[in-house]
Trainee: 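There's a structure below that I have some questions on.
Note that ligands are numbered from 1 as they come in the structure, with each ligand's atoms numbered from 1 the same way.
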Amino acid sequence: MTKSSPEVAALAPEVLRKYETVIGLEVHVQLLTNTKIFCACANRFGDAPNTNVCPVCLGLPGTLPILNKRTVELAMRASLALNCTVHEHSRFARKNYFYPDLPKGYQISQYELPLATNGWLEIDHAGAKKRIGITRLHLEEDAAKNLHEGFSESATKAYIDYNRCGTPLSEIVSEPDMRAPEEAYAYLTTLRQIMLYTGISDCNMEEGSLRCDANVSVRLSGAKEFGTKVEVKNLNSFRYLQKALEYEVERHIAVLESGGRVLQETRLWNQNESCTVSMRSKEKAHDYRYFPEPDLLPVHVSDAWREEVRRSLPELPEAKRARFIAAHGLSPYDAGVLTNTQSLADYFESVVKSGAPAKTAANWIQTELLRRLNDSGKEIEGSPVSPAALAELLKLVESAQITGSIGKKVFATMFESGRSASEIVAAEGLAQINDTSALEQAAREVIEKNPDNVAKFKSGNEGVFKFFVGQVMRATRGQANPQAVNDILRKLLA
Ligand code: ADP
Ligand code: ZN
Ligand code: MG
């Protein structure tokens, strides 16, 4: 590998602005099945190397693949969630290449007749919505994993773990519709959210269950033809996707500005040096000698099966956001946060169903709950405060039985102890003090102790009023009804 990038740091903004960026993504997701795509081996990450293998996924002669129906179902779910046309007939093909991670010498994939084509998803970038086309979604098998490090003879040997070989994948190819690295970032996060909502994949980039290759080119703004594209691999985080694309765009512009030509090639992102390096010149499809897989029947999807899968889809993130805004009166921002994951959205809706006002619930979840979950490294599923328990607390605050600030303290205790709000309020005597004679008593004491401030107030210093309110709240350990305290002080100070 050679580093063949010109200096890219020196481009002026007006030079960058002459060009338009074009990006298309190819995303692989591992499907959440129990077993592999063509054999009965477990589809599980993290097991000891080469323990989930059999003659089929090791590609031994004389074995035959048997298609796992569940993989078609999950790929169909993904296709429908991405607004694709699912074809009645699709077919597997052999993609031939020679590499140790592929024991058969070919990968079973889909080529001319993919499962689904022609979909789209909507991204929301900088407040603007935009549709990104999805060219195709097909099924294929994953290859084995090369392990280079961590073995006693790693210096001289390469190791291979065949557990991953035969893991079901969906490849999702986008149209070249993105015009900035941030749009690519938004596309990938939106796609991931849809995959998680629909239970198609756990989309864990670190474990490789979501992998993304980025195709990028630039052209002079207004040009009709696309520029020469480069494919960037080894993008194992969302941040690297964006950084690698930003780097490539500037590299292409620098090449063109210096009178050069962008080479069509595959490049690798080098995270240590924050640059891309050339890996190989781009292979052409005919290098793979694709041909129909003779060992598998074509895939047939009946209308009834497809519609059954469509009906089983959950409400998708975009629709949920719209509903949260319309039905619960949330701001687009709050709706975005609360639909981040399906579990969080469900939690919010259960709190509302248990009788808490929607906006209050939205605020408390986003501040008190999410902050504490985050601090304690817990997920919403493991929240020590159930939706019903939070709703009970919010109703106590709403009906003025406790003050908002006491409510926050009660919430902290609920989170630590798992006890209910009413239990804590009763045990610790935190109920709001509405008894006016008790409050009047407290107010008189504060006034007597602070003659200077009384004089200031009487001479027109309205700001001092807050001081009196604060002192009474303090004297009642925050339990006084703030409105009553206000009224009483106004009366006594008048
Ligand atoms: P290939 O023949 O190299 O596989 P495809 O036309 O199948 O290329 O496209 C592969 C991916 O590259 C798709 O995601 C597509 O949107 C994207 N793509 C195609 N042409 C360009 C281009 N000029 N610039 C950026 N991305 C592109
Ligand atoms: Zn197997
Ligand atoms: Mg292609």
Side-chain angles (χ1 to χ4, degrees), residues 19-28 33-44 47 50-60 63-68 71 82 95 103-104 108-112 114 117-121 131-138 141-144 161-168 171-181 183-184 187-188 191 211-220 223-233 235 241 244-245 248-249 251-253 256 261-267 280-288 290:
Y19 292 89
E20 181 180 53
T21 302
V22 173
I23 299 166
L25 298 185
E26 294 169 284
V27 175
H28 286 90
T33 54
N34 294 327
T35 55
K36 294 186 180 179
I37 184 167
F38 299 124
C39 64
C41 290
N43 170 24
R44 200 165 46 223
D47 285 2
N50 299 311
T51 51
N52 298 324
V53 292
C54 75
V56 174
C57 55
L58 288 175
L60 300 189
T63 56
L64 288 172
I66 297 169
L67 179 60
N68 176 347
T71 65
L82 297 171
K95 179 179 180 178
K104 296 194 295 296
I108 303 180
S109 181
Q110 293 189 306
Y111 184 55
E112 283 164 319
T117 56
N118 208 20
W120 51 267
L121 67 72
R131 268 189 193 189
I132 307 295
I134 289 172
T135 316
R136 55 186 279 152
L137 184 153
H138 70 243
E141 59 180 342
D142 208 344
D161 176 8
Y162 285 96
N163 284 354
R164 198 178 73 177
C165 204
T167 295
E171 176 171 347
I172 302 162
V173 182
S174 88
E175 289 289 299
D177 284 350
M178 289 157 266
R179 292 292 174 268
E183 288 191 359
Y187 171 87
L188 194 61
L191 181 65
R211 307 200 288 272
C212 171
D213 300 332
N215 298 272
V216 54
S217 64
V218 302
R219 61 178 169 186
L220 281 170
K224 289 224 167 57
E225 303 289 317
F226 285 147
T228 304
K229 79 171 154 71
V230 161
E231 181 172 350
V232 187
K233 289 184 179 289
L235 304 169
L241 167 67
L245 286 170
E248 267 307 289
V249 168
R251 190 183 68 82
H252 289 206
I253 295 173
L256 297 174
R261 232 163 32 87
V262 173
L263 297 179
Q264 180 164 344
E265 61 182 348
T266 302
R267 298 176 71 90
R280 57 169 183 247
S281 68
K282 176 73 185 164
E283 59 285 294
K284 288 272 177 285
H286 62 249
D287 293 340
Y288 289 128
Y290 276 103

Trainee: When you measure from atom 11 (C) of ligand 1 to each heavy atom in N215, V230, T21, which option holds the nearest one?
Mentor: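 The residue whose heavy atom sits nearest atom 11 (C) of ligand 1 is N215.
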Trainee: More than 12 non-hydrogen atoms from neighbouring residues, nucleotides or ligands closer than 6.0 Å to CD1 on I66, yes or no?
Mentor: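 Counting other residues, nucleotides and ligands, CD1 of I66 stays at 12 neighbours or fewer.
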Trainee: Looking at T228 and H252, what are the two nearest heavy atoms and their distance?
Mentor: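 What the structure gives for the nearest pair is O-CE1, 4.0 Å.
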Trainee: Looking only at heavy atoms, is any part of L25 under 4.0 Å from ligand 1, and if so is it the side chain, the backbone, or both, or is it neither?
Mentor: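 Within the 4.0 Å criterion, L25 contacts ligand 1 through backbone atoms alone.
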Trainee: Given atoms SG of C54 and SG of C41, what angle do they subtend at the Zn ion (ligand 2), to the nearest 10 degrees?
Mentor: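 Roughly 100°, rounded to 10°.
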Trainee: Could you confirm whether C165 has any N/O/S atom lying under 2.8 Å from the Zn ion (ligand 2)?
Mentor: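 No, since none of the N, O or S atoms of C165 sits under 2.8 Å from the Zn ion (ligand 2).
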Trainee: Distance from E231 atom CD to E26 atom CD, nearest 0.5 Å?
Mentor: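 One finds 5.0 Å between CD of E231 and CD of E26.
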Trainee: Out of E225, K229, E231, R219, who gets a non-hydrogen atom closest to atom 1 (P) of ligand 1?
Mentor: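 Checking each option, the heavy atom nearest atom 1 (P) of ligand 1 is found in K229.
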Trainee: Please determine whether side-chain contact (heavy atoms from CB on, under 4.5 Å) holds for the pair Y19 and L256, giving the CA-CA distance in whole Å, both sets of side-chain angles, and the decisive distance to 0.1 Å.
Mentor: CA-CA 10 Å; Y19 292 89; L256 297 174; 3.8 Å; yes
Trainee: Below 4.0 angstrom from a heavy atom of V22, which ligand 1 atoms are there? Numbered from 1 as shown, please.
Mentor: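 Checking each atom against V22, I get 24 (N), 25 (C).
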Trainee: Show which atoms of ligand 1 fall inside a sub-4.0 Å distance from at least one heavy-atom site of F226.
Mentor: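 Answer for ligand 1: 23 (N).
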Trainee: Of all the heavy-atom pairs spanning P103 and L58, show the shortest one and how long it is.
Mentor: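 Closest heavy-atom pair between P103 and L58: CB-O, 3.1 Å.
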Trainee: List ligand 1 atoms under 4.0 Å from V173, heavy atoms only on the residue side.
Mentor: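 With V173 as reference, the close atoms of ligand 1 come out as 13 (C), 14 (O).
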Trainee: Quick one: closest heavy-atom pair of R219 and G227, and the distance?
Mentor: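 Minimum heavy-atom separation between R219 and G227: CB-N, 4.2 Å.
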Trainee: If you stand at the Zn ion (ligand 2) and look out to SG of C57 and SG of C39, what angle do those two lines make, to 10°?
Mentor: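 Seen from the Zn ion (ligand 2), SG and SG are separated by roughly 110°.
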Trainee: Out of G133, G227, P176, whose heavy atom is nearest to atom 23 (N) of ligand 1?
Mentor: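 Among G133, G227, P176, the closest heavy atom to atom 23 (N) of ligand 1 belongs to G227.
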Trainee: In terms of atom number and element, which parts of ligand 1 are under 4.0 angstrom from non-hydrogen atoms of S174?
Mentor: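 Listed by number with element, the hits are 13 (C), 14 (O), 15 (C), 16 (O).
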Trainee: Any idea which heavy atoms bring A42 and N52 closest together, and the distance?
Mentor: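 Reported closest heavy-atom pair: O-CB, 3.7 Å.
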Trainee: Taking 4.0 angstrom as the limit, do R179 and E20 come out as a salt bridge?
Mentor: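 Counted as a salt bridge, because a side-chain N and a carboxylate O are separated by less than 4.0 Å.
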Trainee: On a heavy-atom basis, which atom in T33 and which in P168 lie closest, and how many Å separate them?
Mentor: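 Of all heavy-atom pairs spanning T33 and P168, the closest is OG1-CG, 3.3 Å.
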Trainee: Using a strict cut-off of 4.0 Å, indicate which atoms of ligand 1 neighbour a heavy atom of S217.
Mentor: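 Reading through ligand 1 atom by atom, the close ones are 22 (C), 23 (N), 24 (N), 25 (C).
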Trainee: Taking only heavy atoms of E175, which atoms of ligand 1 are found under 4.0 Å from at least one of them?
Mentor: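 Result: 16 (O).
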